[in-house]
Amino acid sequence: MPTWEYSPAPESAALARLQPSYRPFVDGAFVDGGGEPLKTVNPATEEVLAEVGTASAQDVDTAVAAARRAQETTWGPMPGAERAKYLFRIARIVAERSRELAVLETLDNGKPIRESRDVDVPTASAHLFHHAGWADKLAYAGLGPDPRPVGVVGAVIPWNFPLLMATWKIAPALACGNTVVLKPAETTPLTALVLAEIAAEAGLPAGVLNVLPGAGDVGAALVGHEGLDKVAFTGSTDVGKQIQQRLAGTGRRLTLELGGKAANIVYDDAPIDQAVEGVVDGIFFNQGHVCCAGSRLLVQESIAEEFSELLLRRIETLRVGDPLDKNTDVGAINSRAQLDRIVDLAAAGDAEGAQRWTSSCPLPERGLFFPPTVFSGVEQTMRVAREEIFGPVLSVLTFRTPEEAVAKANNTPYGLSAGIWTEKGAKAMWTAQRLRAGVVWTNTFNRFDPTSPFGGYRESGFGREGGRIGLEAYLDA
């Protein structure tokens, strides 16, 4: 338990400049959507934040047509150096309004304010800055001497990193001369709509960026629209498979960044205290709402007892509570449906014979919360070891040899990320070369940078986002 109590340090919700209602952004203006309005909810209190207008099928048609017109007449022919100016402006305004965006993200998503403030918003701004720098250098990216934009991009993003995922799609697409129709997640549309406001403030030409809030029907109408040249999707593996089936044979490009069940491998020569911190960050960051979360801990048998003791002691110090409190480590689960899924999968761990340990940290009396949880005695056949829980739940397995560690780490249909903890570089390289994962971290976890590509394969999808290679998906070389 903590040796002291922290005094409350709440951030002001008023900084979010929350509006009573929000509308779709189409062809350079906020318009009344033809869909049924939805209410977006603060998961920490289950109180309504705002009413959000949603798009209809006709709105999707209008947005795609606007994006096509802007791409062919304005944005596509524009010199890269000129496109860069707009992206730099947007990046600067995001940085200037970072505190507002961070508070709004925390209210709408439920993640701790220190994560929104220190990770989400700065990294979103960094992606915009980075790709703005590429806009006039595409011919030197090694992707052909005269790379051209693909055209109109339909982007569908999840609720776990709403603003960051929007910029992961928008920044490279716009830098390469494409236009975008963005569909944010149903439960977290607010920062995407404020980003549209920022784009308008930066003078972005009409039709270059369109934002269509709504539920799954809006996403389905968008990804299946014949007016698109490419679909970029981040979300669940099941939905990704449906999109791939729908686009098969259409000639439209597709990139998918889907689920994961990452292994975090701790060898007996690992820097123990550093590894404990890495494992905690790997699974409890953003309440475990991370596709690349280190949700399976593989610890070498000779140190398993010592490591588990230190790990549980560290988890006991995590504070679960008000996401707007700067002292909070673990915030609210994003929706009632997601909380129910976490509860069901944790119950499956109990039923299958794993030993559950739950943090004694008290939970708020209202809101959607789940305590940090660890399952030990986990077998590879158990659901908690196979299925993506997408919550603050860690499954612990042991291994004796590096070969066994690799075999267990690869025993998953996913292939998004992995972590390795060892003081020996040769062992880290040997392991990394054998792990079937798109991203492998060594002696760290959850490190992201706009210069470094991210993505997976197998049921974690295909394509890369970020870095020079991430431009390829948005260029027709």
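- Contacts classified as side-chain hydrogen bond (donor to acceptor under 3.5 Å, both in side chains) and involving residues 210-221 (residues at least two apart or in different chains) are not found.
- Side-chain N or O atoms of Thr234 include none that pairs as donor or acceptor with a backbone N or O of Ile157 at under 3.5 Å.
- Nearest heavy-atom pair across Ala55 and Pro24 is N-CG, 4.5 Å.
- The environment of CZ in Arg89 is crowded: more than 12 heavy-atom neighbours from other residues, nucleotides or ligands sit within 6.0 Å.
- Within the cation-pi definition used here (under 6.0 Å to the ring centroid, within 45° of the axis), Lys183 does not qualify as a partner of Phe233.
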For this session: I would like to know whether Glu46 and Arg336 meet salt bridge (charged side-chain N to carboxylate O under 4.0 Å, His left out); could you show each step before the answer?
Result: CA-CA 9 Å; Glu46 295 192 90; Arg336 173 67 63 179; 3.1 Å; yes

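- In this structure, Ser460 contributes its side chain and Gly415 its backbone to a donor-acceptor pair below 3.5 Å.
- Between Glu115 and Lys111 there is no salt bridge, since no side-chain nitrogen of the basic residue lies less than 4.0 Å from a carboxylate oxygen of the acidic one.
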For this session: Please lay out, stage by stage, how Asp27 and Arg69 fare under the test salt bridge (charged side-chain N to carboxylate O under 4.0 Å, His left out).
Result: CA-CA 10 Å; Asp27 202 12; Arg69 184 174 62 252; 2.8 Å; yes

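- Without hydrogens or angle criteria, Arg464 side chain to Gly456 main chain gives a donor-acceptor distance under 3.5 Å.
- Inspection of the Asp449 and His130 side chains reveals no N or O donor paired with an N or O acceptor under 3.5 Å.
- When the salt bridge (charged side-chain N to carboxylate O under 4.0 Å, His left out) test is applied to Glu472, no partner is found at least two apart in sequence or on another chain.
- Glu226 and Arg252 are not joined by a salt bridge, as no carboxylate oxygen comes within less than 4.0 angstrom of a charged side-chain nitrogen.
- When the salt bridge (charged side-chain N to carboxylate O under 4.0 Å, His left out) test is applied to Asp229, the partners found at least two apart in sequence or on another chain are Arg68.
- Here the closest non-hydrogen pair linking Pro158 and Asn160 is CG-OD1, 3.1 Å.
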Let me have the donor-acceptor pairs involving side chains of residues 171-179, under 3.5 Å, with sequence neighbours excluded, atom names and distances please.
| from | atom 1 | to | atom 2 | distance (Å) |
| --- | --- | --- | --- | --- |
| Asn178 | OD1 | Val150 | N | 2.8 |
| Asn178 | OD1 | Gly151 | N | 2.7 |
| Asn178 | ND2 | Ala173 | O | 3.1 |
| Asn178 | ND2 | Tyr474 | O | 2.9 |
| Thr179 | OG1 | Ala67 | O | 2.8 |

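- The pair Arg319-Asp325 fails the salt-bridge criterion, with no side-chain N (NZ, NE, NH1 or NH2) lying under 4.0 Å from an Asp/Glu carboxylate O.
- At a cut-off of 3.5 Å, with distance as the only test, no side-chain donor of Thr188 or Asn109 sits close to an acceptor on the other residue.
- Here the side chain of Lys427 pairs no donor or acceptor atom with the backbone of Trp421 at under 3.5 angstrom.
- Looking at every heavy atom in both residues, Ala199 comes nearest to Leu209 through CB-CD2, 4.0 Å.
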For this session: Quick one: do Thr40 and Asp108 satisfy side-chain hydrogen bond (donor to acceptor under 3.5 Å, both in side chains)? Show the steps, please.
Result: CA-CA 7 Å; Thr40 188; Asp108 204 22; 2.5 Å; yes

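- Side-chain N or O atoms of Thr167 include one that pairs as donor or acceptor with a backbone N or O of Leu164 at under 3.5 Å.
- Scanning both residues, Lys137 and Gly133, for their nearest heavy atoms gives NZ-O, 2.6 Å.
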For this session: Take Leu222 and Val64 through the side chain to side chain contact (heavy atoms under 4.5 Å, CB included) test and state the conclusion after the steps.
Result: CA-CA 8 Å; Leu222 177 60; Val64 172; 4.2 Å; yes

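- Among residues two or more places apart in sequence or in another chain, the salt bridge (charged side-chain N to carboxylate O under 4.0 Å, His left out) test is passed with Asp59 by none.
- The ring-ring contact (aromatic ring centres under 6.0 Å, His included) test applied to Tyr86 returns Trp75, not counting sequence neighbours.
- A search for side-chain hydrogen bond (donor to acceptor under 3.5 Å, both in side chains) contacts involving Glu465 returns Lys169, not counting sequence neighbours.
- For Tyr457 and Phe462, the distance between ring centers is not under 6.0 angstrom.
- Taking 4.0 Å as the cut-off between side-chain N and carboxylate O, Asp136 and Arg83 do not count as a salt-bridged pair.
- A donor-acceptor contact under 3.5 angstrom links the side chains of Thr255 and Lys230, judged on distance only.
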Distance-only donor-acceptor hits, side chain of residues 239-247, under 3.5 Å, sequence neighbours excluded:
| from | atom 1 | to | atom 2 | distance (Å) |
| --- | --- | --- | --- | --- |
| Lys241 | NZ | Glu459 | OE2 | 3.2 |
| Arg246 | NH1 | Ala220 | O | 2.9 |

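- Listed by chain and number, the residues in a salt bridge (charged side-chain N to carboxylate O under 4.0 Å, His left out) with Lys408 are Glu404 (sequence neighbours excluded).
- Closest approach of Leu416 and Gly455 over heavy atoms only: CD1-C, 3.6 Å.
- Counted by atom type alone, Glu51 and Ser21 present zero donor-acceptor pairs between their side chains at under 3.5 Å.
- In summary, the aromatic rings of Trp168 and Phe161 are positioned with their centroids too far apart to meet the 6.0 Å limit.
- Remark: side-chain polar atoms of Ser98 are not paired, donor with acceptor, to backbone N or O of Val121 under 3.5 angstrom.
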Exercise. Does the side chain to side chain contact (heavy atoms under 4.5 Å, CB included) test come out yes or no for Cys292 and Asn446, once each step is laid out?
Worked result: CA-CA 8 Å; Cys292 58; Asn446 278 340; 3.6 Å; yes

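- A side-chain hydrogen bond (donor to acceptor under 3.5 Å, both in side chains) check over residues 435-445, counting only residues at least two apart or in different chains, returns the pairs Thr444-Arg447.
- For His131, the ring-ring contact (aromatic ring centres under 6.0 Å, His included) partners are His127, not counting sequence neighbours.
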For this session: Apply side chain to side chain contact (heavy atoms under 4.5 Å, CB included) to Ile198 and Leu101, showing your working.
Result: CA-CA 11 Å; Ile198 289 171; Leu101 287 165; 4.1 Å; yes

Exercise. When you look at Thr106 and Ser116, which way does the side-chain hydrogen bond (donor to acceptor under 3.5 Å, both in side chains) test go after all the steps?
Worked result: CA-CA 6 Å; Thr106 287; Ser116 299; 2.8 Å; yes

With a 3.5 Å cut-off and sequence neighbours excluded, list the donor-acceptor pairs that the side chains of residues 90-97 form with protein atoms.
| from | atom 1 | to | atom 2 | distance (Å) |
| --- | --- | --- | --- | --- |
| Arg97 | NE | Glu100 | OE1 | 2.9 |
| Arg97 | NH1 | Glu197 | OE2 | 3.1 |
| Arg97 | NH1 | Glu201 | OE1 | 3.3 |
| Arg97 | NH2 | Glu100 | OE1 | 3.4 |
| Arg97 | NH2 | Glu100 | OE2 | 2.9 |
| Arg97 | NH2 | Glu197 | OE2 | 2.9 |

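- Checked by atom type and distance alone, the side chain of Asp61 never pairs as donor or acceptor with a backbone atom of Ser56 at under 3.5 Å.
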Exercise. Hey, mind stepping through Lys39 and Val52 against side chain to side chain contact (heavy atoms under 4.5 Å, CB included) and telling me if it holds?
Worked result: CA-CA 6 Å; Lys39 289 179 169 56; Val52 180; over 6 Å; no

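- Taking the six-membered ring for Trp and the full ring otherwise, the centers of Trp159 and Phe390 sit less than 6.0 Å from each other.
- Heavy-atom minimum distance, Gly288 versus Ala293: O-CB, 4.3 Å.
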